[in-house]
Amino acid sequence: MTSTQMTGGQALVAALVDHGVDVVFGIPGTHNLEIYKHLSEQGVRHVSTRHEQGAGYAADGYARTTGRVGVAVVTSGPALLNTATAVAQAWSDSVPVLVVSPGLPLRHPASGNGLLHETRDQGAALRAVAQASLRATSVAEIPTVVAQAFALMTSGRPRPVHLEVPLDVLAETGEVTPVAPLPRAVALPGEAALTSAVARLEAARRPLLVVGGGARAAAAEVQALAERLRAPVVTTTNGKGVLAEDHELSLGAGVHLPAVRALVEESDLVLAIGTELAPADLWFGPLPVDGKLVRVDVDPVGMVTNASPDVALLGDCAATLGELAKRVGHRSTDAVDVPLWRDRKRTDSRREGAEWTTLVDAMGRVLPRDVVLSTDNAMACYYGAMANVATHTPASFLFPTGYGTLGYGLPAAIGAKVGDPDRPVVAMLGDGGVMFTVQELATAAVLALPLPVVVVDNGGYGEIRNEMADRDDPVHAVDFPAPDFAALGRALGCHGVTVDDPAAVGSALEEALAADRPTVIHVRMPEGVTA
């Protein structure tokens, strides 16, 4: 390949472009201007968020819904540390997010000299929450480090990566030779494991598929195998929508519900696909899968996390399921009474979400079939929407499952809408959580996104209020009057409406989906709703 003289900043942007990056989220600062100088000249769109954590969450939402790497560009020190929570969230939920920042100069004195943004070891800080923190030490090295970062994020289990380029290297000029994206190996299980799994699947009389977020890119293969086995499919939160929830074999999401546990107990084989079977999903203890677990995972470490399989299929989910579907015989009748189990599970989810069903049913009646519902760690979302609002495509329910951060839903929705402008996106948050990233309403307003932002107001931190009461602790520090969210939205350039009857949210939601900018829909829950 031809070498070219470039500055470090120019080489960095060129390398991102070589890897297909055409949009980044972030905030410019004194130390990253040499990167920003070259974004527009190389055709990279920049979306300015109002806080670096919002940039990280937006990159996460972009990555989940597009299947591409989401990129955040921030400056050094405090700006980078502001992204740390978003990076940890992405690591927890296996999302490929790249955070790019400047770093201290190559010859920065070991004891420090008071340089602006000086941080003792920002790489170590990010290395603690990301898959890796890489540092380019010359202009010539930049294309290689970028290629390595993308290989780390897209090979095997997706994880976030931090990449820093020292301040002096960003400004230097050097000879640069492009490095093409590295090929991705598609791993398949060994023949013995495949043969064993096929024998177990064909012998099973009541198989069940448990599908996680690792199967988002294997939706067609999940459906094909389920139909071949005539087996029901239940998903984790991150796997919600991998099989359309109106499919005849779908039980929807909510692996923690009692009906799912009972079904697992009655099943004689559980095929777990791309899931950690993690406590963050199961809530009330592990599933009873001893002696009947076949596991598909690209991560050898994850293969034995939380449960050891009887048959381990280590490989890419889509390729592995495709191979299984080719080999197993076709059943002519359902192996399990799916409508019966769907009803039992629905009874559980309606009971669990009782205080929210009026609201989420009203939303569900007007949400488009291809909607992305970007949610927060709020009770209305995990008790109400997760198992009671049907979605039908992979990555259609964005939720901070593993890390449980507050403030995720709004910026992640922005990232999803930027990634696919033609797809309807709705953000749903609690009144406590929205305040963590409420400034991103201004980001969405500048972009003129037709984004409904449903803020469910129960007067504070409802989950923590309940936990305090359950422990007979003093209930304090959890109740606070909510601001006028509709007025707040209007102040930041959005539309704003207030809904006092949760059953009436549908019309507001329909109008917001067709609006010329974001709409904050402030839903004040009835008095007495404490959950």
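None of these values were measured; they are calculated from a predicted model.
Of all heavy-atom pairs spanning Glu245 and Gly252, the tightest one is OE1-CA, 3.2 Å. Between Gly212 and Thr236, the shortest heavy-atom contact is CA-OG1, 3.3 Å. For Leu513 against Pro368, the heavy-atom pair with the smallest separation is CD1-CD, 3.8 Å. Heavy-atom minimum distance, Leu441 versus Gly489: CD1-CA, 4.3 Å. Between Val454 and Val426, the shortest heavy-atom distance links the atoms CG2-CG1, 4.2 Å. Among all heavy-atom pairs drawn from Gly77 and Thr119, the shortest one is CA-OG1, 3.3 Å.
With rounding to the nearest 0.5 Å, the separation of CG in Asp422 from CG in Asp370 is 10.0 Å. In this structure, CG on Asn82 lies 11.5 Å from OG1 on Thr75, to the nearest 0.5 angstrom. In this structure, CD in Gln53 is found 12.0 Å from CG in Leu81, a value given to the nearest 0.5 Å. Going from atom CG of Asp281 over to atom NE2 of His256 covers 9.5 Å, rounded to the nearest 0.5 Å. The distance from atom OG1 of Thr235 to atom CG of Leu243, rounded to the nearest 0.5 Å, is 9.0 Å. Atom CE of Met468 and atom OH of Tyr461 lie 11.0 Å apart (nearest 0.5 Å).
For the pair Glu52 (side chain) and Ile27 (backbone), a donor-acceptor distance under 3.5 Å is absent. Panel note: side chain Arg68, backbone Gly20; a donor-acceptor pair is recorded below 3.5 Å. Arg120 places no side-chain N or O within donor-acceptor distance of the main-chain N or O of Glu118, the cut-off being under 3.5 Å. Side chain of Arg295 to main chain of Met303: a donor-acceptor pair is present (N/O by atom type, distance under 3.5 Å, no hydrogens or angles). At distances below 3.5 Å, at least one donor-acceptor pair connects side-chain atoms of Arg490 with backbone N or O atoms of Gly496. With hydrogens and angles ignored, the 3.5 Å screen pairs no side-chain donor or acceptor of Asp316 with any backbone N or O of Ala187. When atom types are taken as modelled, the side chain of Arg465 and the backbone of Gly459 share a donor-acceptor pair closer than 3.5 angstrom. Asp376 places a side-chain N or O within donor-acceptor distance of the main-chain N or O of Gly409, the cut-off being under 3.5 Å.
Classification of Arg135 and Glu164 as a salt-bridged pair holds, one side-chain N sitting under 4.0 Å from a carboxylate O.
Between the side chains of Tyr57 and Thr49, not a single donor N or O lies within less than 3.5 Å of an accepting N or O. His522 and Asp484 share no donor-acceptor pair across their side chains, judged by distance under 3.5 Å alone. Side chain to side chain, Thr177 and Ser3 meet the donor-acceptor criterion of an N or O pair below 3.5 Å. Side chain to side chain, Ser133 and His162 meet the donor-acceptor criterion of an N or O pair below 3.5 Å. Residues Asp516 and His495 bring a donor and an acceptor atom of their side chains to less than 3.5 Å of each other. Between the side chains of Thr401 and Asn238, at least one donor N or O lies within less than 3.5 Å of an accepting N or O. No side-chain donor from either of Gln122 and His117 sits under 3.5 Å from a side-chain acceptor of the other. Arg423 and Thr393 share a donor-acceptor pair across their side chains, judged by distance under 3.5 Å alone.
Aromatic ring orientation, Trp283 versus Tyr382: perpendicular (interplanar angle above 60°, classes split at 30° and 60°).
Residues Gln131 and Met153 form no side-chain contact, since every pair of their non-hydrogen atoms from C-beta on lies 4.5 Å or further apart. In this structure the side chain of Met6 never reaches within 4.5 angstrom of the side chain of Ile142, judged on heavy atoms. Using a 4.5 Å cut-off on side-chain heavy atoms (C-beta onward), His51 and Thr437 make no contact. The side-chain heavy atoms of His19 and Val69, taken from C-beta on, include no pair separated by under 4.5 Å. Leu359 is listed as a side-chain neighbour of Met363, based on a closest heavy-atom distance under 4.5 Å. Between Thr173 and Val139 the shortest side-chain heavy-atom distance does not fall below 4.5 Å. Taking the side chain as every heavy atom from C-beta outward, Leu106 and Thr137 approach each other to under 4.5 Å. In this structure, Tyr408 and Leu398 have side chains that are in contact, with non-hydrogen atoms separated by less than 4.5 Å.
With respect to Thr7, the side-chain hydrogen bond (donor to acceptor under 3.5 Å, both in side chains) criterion is satisfied by exactly one of Lys37, Glu34, Glu172: Glu34. Among Leu39, Leu98, Val146, Leu16, the one residue that satisfies the side-chain contact (heavy atoms from CB on, under 4.5 Å) test with Val21 is Leu16. When Thr498, Val453, Leu509 are each tested for a side-chain contact (heavy atoms from CB on, under 4.5 Å) with Ile521, only one passes: Leu509.
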Determine, step by step, whether Phe25 and Thr443 satisfy the side chain to side chain contact (heavy atoms under 4.5 Å, CB included) criterion, reporting the C-alpha distance in whole Å, the side-chain angles of both residues, the deciding distance to 0.1 Å, and the verdict. CA-CA 11 Å; Phe25 304 88; Thr443 303; over 6 Å; no
Stepwise, does the side chain to side chain contact (heavy atoms under 4.5 Å, CB included) test hold for Met428 with Ser374? CA-CA 6 Å; Met428 182 181 185; Ser374 183; over 6 Å; no
Tyr403 and Asp93: side chain to side chain contact (heavy atoms under 4.5 Å, CB included), yes or no, with the steps? CA-CA 8 Å; Tyr403 215 48; Asp93 282 350; over 6 Å; no
Output, in order, the C-alpha distance, side-chain angles, deciding distance and verdict of side chain to side chain contact (heavy atoms under 4.5 Å, CB included) for Trp356 and Asn388. CA-CA 9 Å; Trp356 312 100; Asn388 289 299; over 6 Å; no
